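Below: one structure, written as structure tokens.
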There are 2 protein chains.
Amino acid sequence: MTVAILGGGQLGRMLALAAHRLAIPCRALDPIADSCVRDVAPLVVGAYDDADALRELTRGATVATYEFENVPVRALEALASVRVPIAPPPRALQVAQDRLLEKRFFAEIGLDVPDYRSIDSAAELRAAASALGLPLILKARRLGYDGRGQRRIETAVDLDAACAALDRSPAPSIVERLISFDREVSVIGVRARDGQIVIYPPVWNTHDAGILIRSVTPAPSLARALIARADHLMRAALESLDYVGVLTLELFECAGRLLGNEMACRVHNSGHWTIDASSCSQFENHIRAILGLPLGAADVRHPAVMLNILGSAPDLVPLLAIPGAHVHLYGKSPAPRRKLGHVTICAPTPVEAEFAVARVQSLLAPIAPRP
Amino acid sequence: MTVAILGGGQLGRMLALAAHRLAIPCRALDPIADSCVRDVAPLVVGAYDDADALRELTRGATVATYEFENVPVRALEALASVRVPIAPPPRALQVAQDRLLEKRFFAEIGLDVPDYRSIDSAAELRAAASALGLPLILKARRLGYDGRGQRRIETAVDLDAACAALDRSPAPSIVERLISFDREVSVIGVRARDGQIVIYPPVWNTHDAGILIRSVTPAPSLARALIARADHLMRAALESLDYVGVLTLELFECAGRLLGNEMACRVHNSGHWTIDASSCSQFENHIRAILGLPLGAADVRHPAVMLNILGSAPDLVPLLAIPGAHVHLYGKSPAPRRKLGHVTICAPTPVEAEFAVARVQSLLAPIAPRP
């Protein structure tokens, strides 16, 4: 059994590390030669749609998977031509890659979303603004992540600027009502080849201008009805897509309801806590699922807080000395707002967790503002 | 920071995997080209005392360590010549490599051992047998592991055979009274460069003709006084050797006392449970210690039972389906009695653990008899 991974970032790295526990070899493909997967798995350097690179990646592979959402459709077509099974299914990726298809998919599974309009021109944007009112958020339909490709429209001046930008470089977009939500939660589910499903409890996520900085699990004081609702939605999404692997739903909690924000057809930053605080990590469960193996329990063995290490590496000495702090570094070079690692804090009581979290936070560099 | 590891077996593999979490690269040396560390770290293939291989191993290394006890002293001398710090200290290894020095060291730290005699000839063996009485166990002073190099002497016929064997191929040995002990326990401790010490709770070990098959942690119903005693002995051993890294003491519990059996200057099979059931695994703590980093907590987050996978790989499908079973495979080819992996079972209650352990055991092949 060998797993071919499109993408060589930290998610690929943690997938390969999980696979090593089961002596399952991985091979990864990334255009960047010093991708951080390189230390833990053979790396093929090449474009995602380079036929030779894909052949090399999938030589002897049992299955191909991907660790980022912007895999070009051409790469999937090329993969299909080398006859290696792909999981999660390409249809799921196509939905997740396009915010309009995603909203329609959410409607299909009964997940409400903030009011939105599909936009192809400045004129359509003005019309949508009239219909929906301000504030709005404009999002490119494709190729957005970590808050990129998004623009807030709060005033008439913002609207003019957004229209001018759309005139200059038109891009299929959606515009949605900027809702005031109570918090963001995510739910991560896994579906095996035989239909077995396990779902991790919902996590409370905090972002800084689109980039995840903290996940708390289980999401504190989340109403039981909403936990059941998240579970139901995840199950519906997995089954509707005949999904295999890890799927993430990002949701807004909003006045006692859950609204759909985004989905990600891959292991997710908000699930990193599972390495240290669940019986089976999202990474091992993804590997198990795509290889047709039974899934591990998606339980919470310890309440956990995950903090991302962004921009610059902290001093390891004081960080490792904090009881209950599980430190993970990815071997990436520092850059403003780049995800270099994460720390999962497990503590027996919320007060101890809070104390440890404050200590960890005091050692992390302030996050550089978004350029 | 790079860690050079002498030895490329499963212990080296798990050390490298622990180091990857912290983005610390390892490089390993082993005479065997398909050593199982190869999948997770660059492997230098060469003899342990090959100067070129050692230079390649330690190129740019911060520290050198070892993952098996029979590192030739010549290798350590060669390492000293390339001026890379070695941890644990070579003196500890010299003690652990020689059962006579080991017994004397145990006496130094106040740890009793079964009555024994140093033996260099058949005549000395006969004299020892007269003095100590039968049954006895004869052990080569050097190069024994997993029960190799040992011989039971229960009858006069056994004694004659052992004497004949010693006459044919004399080897410095010890002979000790074969005691009837209640059980074997081991204690694993870690000492950092600055003297910080953490000690995992004692584990109850079961062997099959010298090879570990099961570890239970914490050792059930171990008297508090003996836990404190094991802790005290470990602390004394670590400090007396000015030790840096993971040290293992194998002990006999015998009528309310602890007797010394062996020590191992390395991470140990009876500590594999720490990956899944402690805040910080023995592997990460060893890496932290030898690099001068602070140690992680050596707690028991979950009661755990570790079962070795010996001889042949089990069917993964039913094994992975057992709740609470954490499966680790090393990527080694099957061979009778060879350690191919292990399973750590964590369960909320002893009854649930017992149930899961029985299920796991039913999937593991029977252990081939010792040749």
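A, B, ... follow the sequence lines: proteins, then strands. Residue 1 opens every chain. Model, not experiment: these values are computed from the prediction.
The side-chain contact (heavy atoms from CB on, under 4.5 Å) check on A/R27 picks up A/P42, A/V44, A/L57, A/R59, with sequence neighbours excluded.
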Taking it one step at a time, do A/Y330 and A/M14 satisfy side chain to side chain contact (heavy atoms under 4.5 Å, CB included)?
CA-CA 9 Å; A/Y330 310 145; A/M14 287 184 274; 3.6 Å; yes

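Listed options A/G331, A/A321, A/A16 were ranked by heavy-atom pairs under 4.5 angstrom with chain B; first place goes to A/A321. Among A/I275, A/D276, A/L17, the residue with the largest count of heavy-atom pairs under 4.5 Å with chain B is A/D276. For the set B/V327, B/L319, B/I24, the entry with the most heavy-atom pairs within less than 4.5 Å of chain A is B/V327.
Within the 4.5 angstrom heavy-atom criterion, only side-chain atoms of B/C346, from C-beta onward, approach chain A. Neither the backbone nor the side chain of A/C36 comes within contact range of chain B; no heavy atom of the residue lies under 4.5 Å from a heavy atom of that chain. For chain A, the nearby part of B/L293 is the side chain; its heavy atoms alone come within less than 4.5 Å.
Closest approach of B/K339 to B/K332, counting heavy atoms only: O-NZ, 2.8 Å.
Taking the six-membered ring where tryptophan is involved, the planes of A/F283 and A/H272 are tilted, since the angle between them lies from 30° to 60°.
More than 12 heavy atoms of other residues, nucleotides or ligands lie within 6.0 Å of CZ in B/F68, so this atom counts as buried by the packing criterion.
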